[in-house]
Amino acid sequence: MILRKKAILLLVLAISLTGMQAAFADDSTSSTAGTGSNDTTTSSTYGATATTSTYDSSNSGLLAQIDALYTHLIDLRKQDTDLEATMKDQNNKNNAAIKALRSSEKTDDIQKIKDIDTQNKAIRDANKDLLDQYKSLGQQLKQGKAPKGTKNKDEKGNTELRLQLNELKGKVQAVEAQIKANNETIKATKQNVEAARKQYITVLAPIKAIELQMKQQWSEIKGLEQQKEAAWKTFNAAVKAGDADAAVKALTQIVALKQSILDEKQKVYDDIKQVASTINAVSTQTSPTAP
């Protein structure tokens, strides 16, 4: 947020002498016409000028009010900048932690499933000829059977098929038993993974409520920012009109709104820290005892 780079004393000059505009702001959305100076200053920079006979006591009082408001606004701006940086840092940590939690859900089990799937594929590939032969013999036997109630004309051929099938049956059953056992292991492991995922969803559910609350708070902040922008426009108009009282009132409102924005952002930061605590609790509950 960029402060209006004008000397506050120019406001006094604008009102009491020449009607020039001078204003400042603590964000990039506020703007006003001015002298084009690129120096960030405070009214105290021109304190010596304010003591000349050009100004009466009312102007001096005005200068003091504006100077105090300006100083307060500068302080709030710094607090806001620091808080924004802190919030961003904690948000990044929270997002990384949640991502790590989700990506590490039963990592060993997920890898185990992949390994067993690979093993089953290797078993099938290694025994492809055996399994294909057994399947083919079974189909031939089925096709060679006579309809029910009729005599089989090729009983000898069918007997030979049965003998071949019986010879291969033991080997095929051993292969299928291994694949079946692997599939049972995969099924049980997938159930473990799904149970862990449901546990994470349940434990992390409070974060959803916190995020909803933060969304509402950001909506409040947006509304305050819009009010502050309107107050800057009022301030600028007062400067142009040479209305000292209106300018001070508008600047007072700007400072109050900036303080309210900062207070709301502090609430958001408190919620961000609560998210971090929830994530830490999940990590503590799940990591050490994960089966």
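Residues Leu131 and Lys135 are not in side-chain contact: their nearest non-hydrogen atoms beyond the backbone lie 4.5 Å or more apart. Within the 4.5 Å cutoff, the side chain of Gln133 has no heavy atoms near those of the Val172 side chain. His72 has its side chain within reach of Gln259: a pair of non-hydrogen atoms, C-beta onward, lies under 4.5 Å apart. Annotation: side chain of Ile279 is in contact with side chain of Val275 (closest heavy-atom distance under 4.5 Å).
By the 6.0 Å contact criterion, NZ on Lys222 is open, its count of non-hydrogen atoms from other residues, nucleotides or ligands being 12 or less.
For the salt bridge (Lys or Arg N to Asp or Glu O under 4.0 Å) test, no residue two or more places apart in sequence or in another chain qualifies with Asp129. In this structure, the side chain to side chain donor-acceptor pair (under 3.5 Å) partners of Asp89, at least two apart in sequence or on a different chain, are Lys93. Lys267 pairs by the salt bridge (Lys or Arg N to Asp or Glu O under 4.0 Å) definition with Glu264, not counting sequence neighbours. For Lys78, the salt bridge (Lys or Arg N to Asp or Glu O under 4.0 Å) partners are Asp82, not counting sequence neighbours. Not counting sequence neighbours, the partners of Asn120 by the side chain to side chain donor-acceptor pair (under 3.5 Å) test are Asn182, Asn183. When the side chain to side chain contact (heavy atoms under 4.5 Å, CB included) test is applied to Lys114, the partners found at least two apart in sequence or on another chain are Ile110, Gln111. With sequence neighbours left out, Lys121 forms a side chain to side chain donor-acceptor pair (under 3.5 Å) with Asp125. Ser260 meets the side chain to side chain contact (heavy atoms under 4.5 Å, CB included) test with Leu224; sequence neighbours excluded. Applying the side chain to side chain donor-acceptor pair (under 3.5 Å) test to Gln266 and every residue at least two apart in sequence or in another chain returns Asp270. Scored by the salt bridge (Lys or Arg N to Asp or Glu O under 4.0 Å) test, Glu194 finds Arg197 as partners (sequence neighbours excluded).
Residue pairs meeting the salt bridge (charged side-chain N to carboxylate O under 4.0 Å, His left out) criterion with at least one member in residues 175-192: none, sequence neighbours excluded.
In this structure, NZ in Lys265 is found 12.0 Å from OG1 in Thr86, a value given to the nearest 0.5 Å. Atoms CG and OG1, on Leu257 and Thr252 in that order, are 11.0 Å from each other to the nearest 0.5 Å.
The backbone N or O of Leu76 lies less than 3.5 Å from no partner atom in the side chain of Asp80, so there is not a single donor-acceptor pair. A donor-acceptor pair under 3.5 Å is absent between the side-chain atoms of Ser136 and the main chain of Asp132, judged by distance alone.
Hydrophobic cluster membership is shared by Leu130 and Leu137, with clusters built from Ile, Leu, Val, Met, Phe, Trp and Tyr side chains linked at under 4.5 angstrom. Note on Trp218: it clusters hydrophobically with Leu262, by side-chain heavy-atom contacts below 4.5 Å among ILVMFWY residues.
Scanning all heavy atoms of the two residues, the minimum distance from Phe235 to Ala247 falls at CD1-O, 3.3 Å.
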Contacts table for residues 206-214: side-chain donor-acceptor under 3.5 angstrom, sequence neighbours left out:
{"unit_1": "Gln213", "atom_1": "NE2", "unit_2": "Asp271", "atom_2": "OD1", "d": "3.0"}
{"unit_1": "Gln213", "atom_1": "NE2", "unit_2": "Asp271", "atom_2": "OD2", "d": "2.9"}

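With 3.5 Å as the limit, one finds a donor-acceptor pair spanning the side chains of Asp75 and Gln79.
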